[in-house]
Every structure is written in C-alpha cells, then in structure tokens.
Enquirer: 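Please read through the structure below; I'll follow up with questions.
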Protein chains: 2
Amino acid sequence: MTTTDETQAARPAGRPRSARAEKAIIDATLDLMGEGISLAELSIEAIAARAGVGKTTIYRRWSNKEDLVVDALAKLKSPLPEMGGRSVREDLIAYLEVVRRDACDARSRCVLNIAMNDAERHPRLVERIRQATIEPRRAVMSALLQRGIATGEIRADLDVPVAMATLVGTVMWYVRSVGLDGVDGLPHDIAERIVDQLLAGLASR
Amino acid sequence: MTTTDETQAARPAGRPRSARAEKAIIDATLDLMGEGISLAELSIEAIAARAGVGKTTIYRRWSNKEDLVVDALAKLKSPLPEMGGRSVREDLIAYLEVVRRDACDARSRCVLNIAMNDAERHPRLVERIRQATIEPRRAVMSALLQRGIATGEIRADLDVPVAMATLVGTVMWYVRSVGLDGVDGLPHDIAERIVDQLLAGLASR
DNA sequence: GCGTAGCGAAACTTTAGCGTATCGAAAACG
DNA sequence: CGTTTTCGATACGCTAAAGTTTCGCTACGC
C-alpha cells in the first residue's frame with residue numbers, strides 16, 4: 001500500500017497527536033476529581049475548559065467518560081511504599097507515612113472516594129481500581145505483618161485483617177478529623193507515634 | 001388587623017399543611033442520600049417522586065435544597081451511645097458496636113459521606129453537621145479514655161487523639177474493606193475483638 | 001356553605017451537558 | 001510546496017433535569 005515499512009513503525013501521515021494536550025487532559029481530569037467532583041458530575045466540557053483544549057481533542061482519544069477516567073487513574077498509580085526491611089516497626093512507619101501523604105493529597109484521595117462512593121453505579125470501574133491500586137497494597141501490608149509474626153516482633157495470635165484496618169484506618173481517620181483544619185498542621189512524626197502506640201497497646205501494663 | 005389574637009397562635013386561614021407529606025419528604029430525602037446520592041446529584045424531582053408528593057409541596061416549605069437537607073439530617077440525629085459504665089473496656093466495646101452499626105446503616109453513612117466529601121462546596125452545612133453530630137460523639141469518646149486513664153485501665157501517657165482515631169478508624173476501615181462484600185457477613189463480635197486487640201497491643205510480649 | 005390556602009399533577013421555560021460537525025490554522029511528511 | 005491529520009474554537013440539535021407556574025380539587029375555619 002504505502003511505501004513505508006508497515007511491519008515496524010507504520011507511522012501515520014499528517015500532524016501527530018500532541019502529547020502535551022493529552023497530559024493536560026489527564027491532569028485536568030485528576031484535578032477536577034481531586035476537588036471532590038463525583039464521577040457523575042464530571043463533565044467533558046469542564047475537563048476541556050480546564051485543560052485549555054477543544055472537546056474534539058478529547059473525543060478523538062476516548063470514546064466515553066469512563067475510559068478517560070480509567071486512563072487518568074492509571075497515570076496516578078503512586079509507587080508502592082519502599083520499605084527498608086530492617087525491622088517490621090520501621091517498615092510499618094514507612095508504610096503509614098506513605099498512607100499519610102496519600103491521604104493528604106487531593107488527587108490520591110479521589111481514588112478512594114470513587115472506590116467507596118461509586119461502587120454500585122460503576123462496578124466494573126471500581127473493580128478495576130481495586131485490583132490495580134488497593135489489592136497490591138493490602139498484600140504488602142499483610143505480608144509485612146506475617147513477617148513480623150515469623151520474626152517474633154508481632155504477637156503470634158494477631159488478627160491480621162483487624163490489624164490492617166487499625167493501621168490504615170487510624171491514619172485515614174486521624175487525617176480526616178484532626179487534619180481537616182489544616183492539612184499541613186499535622187505532626188510530622190504522626191506515623192511513628194501511631195505505630196509505637198499500637199505496638200505497645202492502649203492498656204496500662 | 002384580623003380578629004384573631006396575633007400575640008399567641010395567629011393560625012392562618014385555609015387548609016393546614018400536611019404533616020404526613022412533610023414526613024414523607026424527609027424520609028425520601030434520607031433514603032435517597034442513604035443510597036449514595038451525593039448532595040449535588042440529589043434532585044428535588046426525585047425526592048418528590050419518591051415521596052409521592054408534588055414538587056410544589058416541597059418548594060412551599062424549603063426554598064432550596066440545602067435547607068431541606070439540613071432539616072432532614074436534623075431529624076436523623078441518632079441517640080448517643082448508651083454505656084453501662086462498668087469498665088472502660090466494656091464501654092469501649094459498647095461504643096464501637098454503635099459505630100459499627102452506624103457504619104453499616106445507609107442513612108447514617110450518608111451523614112459522614114457529606115461531611116467528608118462536600119466540605120469545600122457546602123462549608124456551612126458541613127459545619128452544622130459537625131457541631132450537631134460529630135463533636136458530641138468525640139467528646140464522649142474522649143471522656144471515656146480520660147476516665148480509663150484515671151482508673152488505671154488505660155496507660156497514663158496515651159496519645160488520646162491518636163487513640164480516638166484508632167478506635168473509630170479501625171471499625172470504619174474494617175467495615176469498608178472487609179465488609180464491602182457482604183455487610184451482613186461481618187463477625188458479630190468485631191467490636192469486642194478490636195477493643196481487646198488494641199488494648200493488648202500488636203507487639204508480642 | 002364560603003373563602004382561603006394547601007394538595008398533586010402536569011405544562012412551561014431555562015439551563016447544562018453530550019456528541020457531532022465544521023472551520024481556519026498548524027504541524028509533520030514526502 | 002502539497003497532502004494529510006490534528007489542533008482549538010464554535011455552533012448545532014438533542015436530552016435530562018431544574019425550578020416555576022397553572023389548574024382542578026380538597027380540607028379546614030369562620
């Protein structure tokens with residue numbers, strides 16, 4: 001057909017698509033969702049306006065809203081917490097520090113908002129988010145606690161699911177209650193304080 | 001002006017407003033919000049249809065959506081947890097059991113959803129919810145932990161704000177993660193297990 | 001029983017977003 | 001340079017929902 005080698009590049013004729021526009025669209029989508037806009041309220045027109053882009057440019061890439069949101073959330077995937085592995089206590093602190101930072105970040109928060117609020121209305125989308133984002137983190141946390149049990153740092157009869165809810169839930173709830181006033185007013189060592197208090201227990205000796 | 005005594009009743013002429021319709025409107029509002037409808041998506045038409053009422057009947061009582069929601073949430077105010085007071089451990093369990101039940105109840109959940117998601121868009125409304133619903137519960141929980149410190153059941157150096165986030169956050173997060181699959185599949189003694197594990201601590205002795 | 005005001009139903013006007021089409025300009029390629 | 005495709009902008013027809021108004025009917029007090 002054409003004179004170009006189709007088996008390799010097959011670069012299409014004409015002006016190439018702007019990577020800059022694509023990034024602006026993704027960013028605008030994440031920004032709007034980070035501002036608390038629900039999936040239902042999110043409008044293509046608002047995204048186009050925010051991105052400084054024509055609606056055509058969006059519809060040329062994504063045929064509907066859900067596809068765009070999936071792609072946008074995929075770009076968001078922050079790396080799994082990096083843990084030194086020296087002690088379970090230190091790894092728990094490092095993990096919760098990442099959770100704390102995510103909980104304070106509007107863009108990361110919107111992932112959880114969607115997962116929790118739109119589960120019934122967009123089951124496939126929510127399931128994709130669960131598999132891609134939530135499950136890997138749960139697995140890391142679970143493995144970490146199991147390792148602690150093996151090394152003796154953690155009590156052998158630990159209820160692991162409850163402990164995972166405790167560690168993450170404490171950070172999330174703390175940020176949402178105390179930290180609502182000023183997100184930056186959080187103590188910088190909150191992750192360490194939480195881990196130490198939970199390891200030691202609330203009761204007196 | 002009129003012949004009636006205006007200082008007291010000043011009952012207006014004509015057909016009185018139907019208390020039955022008013023209750024139906026409030027109930028429909030709470031039901032819809034309990035189904036996960038956000039404040040922005042909540043439509044007067046949906047409320048009218050659900051309540052079996054004309055839109056006129058709603059607009060005659062509330063001039064806008066926010067006023068209606070405030071009134072509806074005010075009717076929702078569930079009683080503060082009743083605690084026996086025998087031991088701090090038992091009271092904590094009783095308190096968390098109430099939290100667990102609220103976390104599973106759609107109508108109660110919607111209060112928190114609004115408080116967390118619509119804080120920026122409806123600051124006055126959210127503040128009213130905080131003062132009426134959240135703060136009293138935080139005060140009860142704080143007093144309970146202080147009592148535990150006084151009686152020696154709780155360690156004296158407890159970080160009370162962190163501990164409050166731990167107790168409530170664990171229940172909320174547990175319900176949201178484990179309980180998402182089947183709300184009724186929750187262990188019935190989850191409050192007791194959470195309290196005991198937190199009192200004892202996660203570390204081995 | 002008359003007047004008044006609330007009742008539910010339905011028609012209306014307005015607004016917002018969707019998805020498509022069209023435009024002149026711009027960017028890559030041969 | 002000419003072709004091809006994308007760019008941002010704008011306009012269009014369509015649908016859904018909001019909020020307002022109208023209408024015939026109903027319930028209560030005088």
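Letters A, B, ... mirror the listed sequences (proteins, then strands); counts begin at 1. Treat the numbers as computed from the prediction; the structure is a model and nothing was measured.
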Enquirer: Could a donor-acceptor pair under 3.5 angstrom be found where the side chain of A:Lys55 meets the base of D:dG8?
Expert: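 Answer no: no donor N or O sits under 3.5 Å from an acceptor.
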Enquirer: I need the minimum non-hydrogen distance between B:Gly85 and B:Asp91, along with the two atoms involved.
Expert: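 Here B:Gly85 and B:Asp91 meet closest at N-OD1, 2.8 Å.
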Enquirer: Between B:Gly14 and B:Glu22, which is nearer to the 5' end of DNA chain C once each is assigned its nearest nucleotide?
Expert: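 Upstream on the strand: B:Gly14.
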Enquirer: Nearest-Å distance, CD1 (A:Ile44) to P (D:dG8)?
Expert: 15 Å
Enquirer: Which comes earlier along DNA chain C counting from the 5' end, the contact point of A:Pro16 or that of A:Tyr59, where each point is its nearest nucleotide?
Expert: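 Nearest nucleotide further toward 5': that of A:Tyr59.
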Enquirer: So, A:Arg50 and A:Glu35, do they make that salt bridge, N to O below 4.0 Å?
Expert: yes
Enquirer: Determine: side-chain N/O of B:Arg61 to OP1/OP2 of C:dA5, distance under 4.0 Å, yes or no.
Expert: no
Enquirer: Is B:Asp102 salt-bridged to B:Arg109, cutoff N-O under 4.0 Å?
Expert: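 Judged by the 4.0 Å cut-off on N to carboxylate O distance, B:Asp102 and B:Arg109 do not form a salt bridge.
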Enquirer: Between A:Glu45 (CD) and D:dG8 (P), how many Å, whole number?
Expert: 15 Å
Enquirer: Looking at A:Asp105 and A:Arg107, is any side-chain nitrogen of the basic one under 4.0 Å from a carboxylate oxygen of the acidic one?
Expert: no
Enquirer: When the distance from CD1 of B:Ile37 to P of D:dA17 is rounded to whole Å, what number comes out?
Expert: 11 Å
Enquirer: Whole angstrom is fine here: how far is it from CD1 in A:Ile58 over to P in D:dA9?
Expert: 12 Å
Enquirer: Using a distance-only criterion (donor-acceptor N/O pair, under 3.5 Å, no hydrogens), is the base of D:dA27 paired with the side chain of B:Ser18?
Expert: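 Not at all, since no donor on one side and acceptor on the other fall under 3.5 Å apart.
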Enquirer: Figure out the CD1/P separation between B:Ile25 and C:dG6, and round it to whole Å.
Expert: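 In whole Å, C:dG6 P lies 13 Å from B:Ile25 CD1.
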Enquirer: Of the listed nucleotides (C:dG17, C:dA27, C:dG8), which one gets closest to any side-chain atom of A:Ser43?
Expert: C:dG17
Enquirer: C:dG6 phosphate, OP1 or OP2: any side-chain N/O from B:Arg17 under 4.0 angstrom?
Expert: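 For C:dG6, OP1/OP2 do have a side-chain N/O of B:Arg17 under 4.0 Å.
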Enquirer: Using whole Å, report how far CD1 of A:Ile47 lies from C1' of C:dC18.
Expert: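 The distance from CD1 of A:Ile47 to C1' of C:dC18 comes to 13 Å, rounded to the nearest Å.
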Enquirer: Does B:Thr29 reach the main-chain N or O of B:Ile25 with its side chain, forming a donor-acceptor pair under 3.5 Å?
Expert: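 Yes; at least one donor-acceptor contact below 3.5 Å.
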Enquirer: Whole-Å distance between C:dG17 P and A:Leu42 CG?
Expert: 11 Å
Enquirer: Is the base of D:dT5 touched by the side chain of A:Arg15 through a donor-acceptor pair closer than 3.5 angstrom?
Expert: no
Enquirer: So does A:Arg60 get a side-chain nitrogen or oxygen closer than 4.0 Å to the phosphate oxygens (OP1/OP2) of D:dC7?
Expert: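 The answer is yes; a side-chain N or O of A:Arg60 sits under 4.0 Å from OP1 or OP2.
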Enquirer: Ignoring backbone atoms, establish whether B:Thr56 has a side-chain N or O less than 4.0 Å from OP1 or OP2 of C:dC7.
Expert: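 No, B:Thr56 has no side-chain N/O under 4.0 Å of OP1/OP2 on C:dC7.
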Enquirer: By nearest heavy atom, map B:Lys65 and A:Gly54 onto DNA chain D; which one lands nearer the 5' end?
Expert: A:Gly54
